[in-house]
2 protein chains.
Amino acid sequence: MIQDSIRILQARGYKITQPRKQVLEVLQGAQKPLSPYDIQGLLQKQGKYVNHVTIYRILDLFCSLNLTHRVLSSGGFVKCAIESKEGCHRFMVCSRCGALQEFADEELCRDENRFAQNLGFHTEYHLSESSGLCANCHKKSEGPEGV
Amino acid sequence: MIQDSIRILQARGYKITQPRKQVLEVLQGAQKPLSPYDIQGLLQKQGKYVNHVTIYRILDLFCSLNLTHRVLSSGGFVKCAIESKEGCHRFMVCSRCGALQEFADEELCRDENRFAQNLGFHTEYHLSESSGLCANCHKKSEGPEGV
DNA sequence: GCGCTAATTGCAATATTATTGCATTTAGCC
DNA sequence: GGCTAAATGCAATAATATTGCAATTAGCGC
C-alpha cells in the first residue's frame, strides 16, 4: 500500500508532497516497470504536470529507501512489492507479457555468498533478475487444451 | 584470448574487420566495464578512429554471440572471461576498486530455477551481478597487518 | 593480385535518457 | 497566517542510443 510508503517517508523526515504521492500512485497501478518519462506521461494524461527532473529525484529517493527498485534489464522502476522481506529483492520478468514478480529468499543469498567466498569475494548486495515465462504465459504456450 | 573470439566470428560467417579486432583488443585490455564511448575514446588515444555507431553495432553482435557481456549495474561492456563455461554467466563487482570477476555455476542456476518453479515461473535466463569487496580490497580493509 | 558483391562502416540527423545550477514554490512548523 | 528549509520547476546541457542512407572494405572466385 501507498500508505506504508508514506509512513516511511514521514518517519525519515521527508515531506509528503503532491509529486511524491503521484509517483507512488502511478507505480502502484503499473503492471510493468516504468521509466521516469513513462511516469511523467501517465501523470500528464491525468492532467498532472510534474517535471521530469523532479521524477528522477523522487525515484532516487524512493530507491535509496527501498520503496521502489530499478529493474536493470528493462531500465524501468517498480514499486517494491515486498517491503518487509529480508534478503535481497529479486525479479522474475516474463519474456512474453512483461509481467514482473518480485521475491526474496535468504537461502539464495546464502548460496551466492558461499560461492563468492570461495572466490575470495565478500558480497554486500545481490542484483538478480531472471527472464522466462510466467505461469499464465507458460500455460498458454502449451496450447488451449493444456495440462 | 582474442583469437578464440575471432575464430567464433569466422565460424559464423562474420567478417574480421579492423574495428571488430580493435574493440576486442580494447576490451581484452580493460580492467573494468567500458561504455561504447569509453571504447571510442581509448581507440582514439591510439590514433584509431571508429564511429560510435559502429561500436554499438559491434557490441550488439558480440553480445549476441556471448563474446562480450553487458554489465547492467555499471552500464558497460566486458569481454567474456569464461567462454566455455556452462550455466548463466555472473559477475561480482568490487564496490571499492571496480574490479570485475566473472563466473558461472550450474548449481546456482538450478537453485534459482527451483525457486522460480515454486512460483510458477519457467526461467530461461538469469541475470546476476553481486557487489562487494574483492579479495584484495577486503584484505586491505582489515589493515596492513591483516591476516 | 584484380575485380565483384554483400557485409560492414561512416556520417548526419535525431531520439532518448540523465544531470546541473539556480529561481520559485510549498509542506510542515510555530 | 507567516516562516523556513525542503522540494520542485525551469533552462541548459551532457550522455547515451538509434535510424537511414552513402561510402568503404573483407573475403570470395578468378
Side-chain angles (χ1 to χ4, degrees), chain A residues 2-3 5-27 32-44 46-65 67-78, chain B residues 2-3 5-27 32-44 46-65 67-78:
Chain A
I2 287 179
Q3 278 311 330
S5 305
I6 290 181
R7 230 168 284 128
I8 291 172
L9 287 171
Q10 274 171 334
R12 309 284 184 103
Y14 295 104
K15 294 184 176 174
I16 308 307
T17 66
Q18 283 306 310
R20 285 178 182 168
K21 278 190 285 186
Q22 288 164 354
V23 169
L24 277 176
E25 278 160 21
V26 168
L27 285 177
K32 60 189 182 69
L34 300 178
S35 78
Y37 288 96
D38 288 339
I39 294 171
Q40 188 182 41
L42 288 171
L43 285 172
Q44 215 138 34
Q46 306 173 22
K48 300 165 185 166
Y49 174 77
V50 181
N51 191 280
H52 74 273
V53 179
T54 298
I55 296 176
Y56 275 97
R57 295 194 271 227
I58 288 174
L59 291 170
D60 280 351
L61 172 66
F62 286 180
C63 285
S64 76
L65 297 173
L67 303 180
T68 61
H69 302 294
R70 171 161 226 169
V71 182
L72 291 182
S73 51
S74 64
F77 294 83
V78 292
Chain B
I2 288 180
Q3 278 311 330
S5 305
I6 290 181
R7 232 169 283 129
I8 291 172
L9 286 172
Q10 276 172 332
R12 309 284 185 104
Y14 295 104
K15 294 183 177 176
I16 308 307
T17 65
Q18 285 305 310
R20 284 177 181 168
K21 278 190 286 188
Q22 289 164 353
V23 169
L24 277 176
E25 279 159 18
V26 168
L27 285 177
K32 59 188 182 70
L34 300 178
S35 76
Y37 288 96
D38 288 339
I39 294 171
Q40 187 181 41
L42 289 170
L43 286 173
Q44 215 139 33
Q46 306 173 22
K48 298 166 185 164
Y49 174 77
V50 181
N51 190 280
H52 75 272
V53 179
T54 298
I55 296 177
Y56 274 97
R57 294 194 271 226
I58 287 174
L59 291 170
D60 279 351
L61 173 65
F62 287 179
C63 285
S64 75
L65 298 173
L67 303 179
T68 61
H69 301 294
R70 170 161 226 171
V71 183
L72 291 182
S73 52
S74 64
F77 293 84
V78 293

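Bear in mind that the values here come from a model prediction, so they are computed numbers and not experimental data. Any value given below was found using the heavy atoms of this structure, including those in side chains, with hydrogens, waters and symmetry copies removed. In the text below, chain A, chain B and the rest are named by the order of the sequence lines, each starting its count at 1.
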query: Which atom names give the shortest non-hydrogen contact between B:Val78 and B:Lys32, and what distance separates them?
result: CG1-C, 4.4 Å

query: Could you give the NZ-to-C1' distance, from A:Lys21 to D:dT8, as a whole number of Å?
result: 15 Å

- prompt: If you check the A:Val53 side chain, which of D:dA7, D:dT19, C:dT20 turns out closest?
  reply: C:dT20

Upstream residue (5' side of DNA chain C) when B:Tyr49 and B:Tyr14 are each assigned their closest nucleotide: B:Tyr14

- prompt: To the side chain of A:Tyr56, which of D:dT19, C:dT19, D:dC10 is closest?
  reply: C:dT19

statement: Walking DNA chain D from its 5' end, the first of B:Gln10 and B:Gly75 to be reached, judged by nearest nucleotide, is B:Gly75

field: Check: A:Gln10 side chain, A:Ile16 main-chain N or O, donor-acceptor pair, under 3.5 Å
entry: no

query: Does OP1 or OP2 of C:dT17 have a side-chain N or O of A:Arg70 closer than 4.0 Å?
result: no

message: Using only atom types and a distance under 3.5 Å, with no angle test, would you say the side chain of B:Asp38 pairs donor to acceptor with the backbone of B:Ser35?
response: yes

message: If I take atom CG in residue A:Asp38 and atom C1' in nucleotide C:dA18, what distance separates them, rounded to the nearest angstrom?
response: 15 Å

- prompt: Roughly, in whole Å, what's the span from CG in B:Asp60 to P in D:dT16?
  reply: 16 Å

query: Between A:Arg12 (CZ) and D:dA6 (C1'), how many Å, whole number?
result: 17 Å

statement: Checking C:dA6, C:dT19, D:dC21 against the side chain of B:Lys15 (C-beta onward), the nearest is C:dA6

- prompt: To the nearest angstrom, how far is A:Ile58 atom CD1 from C:dA18 atom C1'?
  reply: 16 Å

statement: Testing C:dA18, D:dA26, C:dA27 for proximity to the side chain of A:Gln18, the answer is C:dA27

Shortest side-chain distance from A:Asn51, nucleotide among C:dG10, D:dG9, C:dT8: D:dG9

Listed nucleotide nearest any side-chain atom of A:Arg20, set D:dT16, D:dT8, C:dT9: D:dT8

field: Protein-nucleotide distance (A:Ile55, atom CD1; D:dT8, atom C1'), rounded to Å
entry: 11 Å

query: Taking the side chain of B:His52 as heavy atoms from C-beta outward, which of D:dA12, C:dA6, D:dA17 is closest to it?
result: D:dA17

- prompt: Taking CG from B:Leu9 and P from D:dA26, how many angstroms apart are they, rounded to a whole number?
  reply: 14 Å

- line: With the side chain defined as heavy atoms from C-beta on, A:Ile16 is closest, among D:dA26, C:dG28, D:dC10, to C:dG28

query: Taking only side-chain nitrogens and oxygens of B:Thr17, does any of them come within less than 4.0 Å of OP1 or OP2 of C:dT9?
result: yes

message: Between A:Phe77 and A:His69 (judged by ring centroids, cut-off 6.0 Å), do the two rings come close enough to count as a pair?
response: no

message: Hydrogens and angles aside, do A:Asn51 and A:Thr54 bring a side-chain donor and acceptor to less than 3.5 Å of each other?
response: no

- request: Please tell me which of the listed nucleotides, D:dT19, C:dT17, C:dT20, lies nearest to the side chain of A:Tyr37?
  value: C:dT17

query: Whole-Å distance between C:dC22 C1' and A:Arg57 CZ?
result: 10 Å

A:Gln22 side chain to A:Lys48 backbone, donor-acceptor under 3.5 Å: no

